[in-house]
Peer 1: 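My questions all concern the structure below.
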Amino acid sequence: MKGLQEIKRAIDHYVETNNKTALEVVAALEKHYFNKAVTEEIKLYKKKKKKVAQITKDLKISHRRFYKILEDKKVAFTKYNKSNDNTSDQ
């Protein structure tokens, strides 16, 4: 709890010195640390040490969102396409 109190004090001090609300500061911190975690997971994905299912479970995001992040960061990936498996309907 001592560490949490220090974080709260730091955020309150930042809010007082800048023209931002506490929620804006927390949202910016959340975005920063999420992007940091995603970058680390992408490094493991590129080295083939982690699979998409493990990454999405760790980050608590959907597969679609992770693939969109990969597209935005221009990382090569392959998707499983069900439509090519059984196309012979009679």
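Computed from heavy atoms alone, side chains included, the values below leave out hydrogens, waters and symmetry copies. Position 1 is the first residue of the sequence, and the numbers go up from there.
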Peer 1: Are Leu4 and Val25 joined in one hydrophobic group, where the rule is that I, L, V, M, F, W and Y side chains link up if heavy atoms are under 4.5 Å apart?
Peer 2: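 No.
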
Peer 1: Side chains of Glu24 and Val15, heavy atoms from C-beta outward: is any pair under 4.5 Å?
Peer 2: no

Peer 1: Linking I/L/V/M/F/W/Y whenever any side-chain heavy atoms sit under 4.5 Å apart, do Leu23 and Ile11 land together?
Peer 2: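 No, Leu23 and Ile11 fall in different hydrophobic clusters.
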
Peer 1: So do the side chains of Tyr67 and Thr56 get within less than 4.5 Å of each other, counting heavy atoms only?
Peer 2: no

Peer 1: Are Glu40 and Lys43 ion-paired here, with the side-chain N under 4.0 Å from a carboxylate O?
Peer 2: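 Answer for the salt bridge query: yes.
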
Peer 1: Between atom CD of Glu41 and atom CG of Leu59, what is the distance when rounded to the nearest 0.5 Å?
Peer 2: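 If we round to the nearest 0.5 Å, Glu41:CD and Leu59:CG are 5.0 Å apart.
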
Peer 1: When you look at Leu70 and Ile42, which way does the side-chain contact (heavy atoms from CB on, under 4.5 Å) test go after all the steps?
Peer 2: CA-CA 8 Å; Leu70 289 177; Ile42 288 175; 4.0 Å; yes

Peer 1: Within a reach of under 6.0 Å around NZ of Lys48, are more than 12 heavy atoms found that belong to other residues, nucleotides or ligands?
Peer 2: no

Peer 1: Gln5 versus Lys2: any side-chain heavy-atom pair under 4.5 Å?
Peer 2: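 Contact flag for Gln5/Lys2 side chains = no.
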
Peer 1: For the CG atom of Asn35 and the CD atom of Glu30, what is their distance to the nearest 0.5 Å?
Peer 2: 10.5 Å

Peer 1: Does any non-hydrogen side-chain atom of Tyr45 lie less than 4.5 Å from one of Lys51?
Peer 2: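 No, their side chains stay 4.5 Å or more apart.
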
Peer 1: So, taking the atom named CZ in Phe34 and the one named CG in Leu29, what distance separates them when rounded to the nearest 0.5 Å?
Peer 2: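 Going from CZ on Phe34 over to CG on Leu29, the span is 15.0 Å.
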
Peer 1: Is the shortest side-chain N to carboxylate O distance from Lys68 to Asp72 below 4.0 Å?
Peer 2: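 Salt bridge: yes.
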
Peer 1: Is any side-chain heavy atom of Leu44 closer than 4.5 Å to one of Ile55?
Peer 2: no

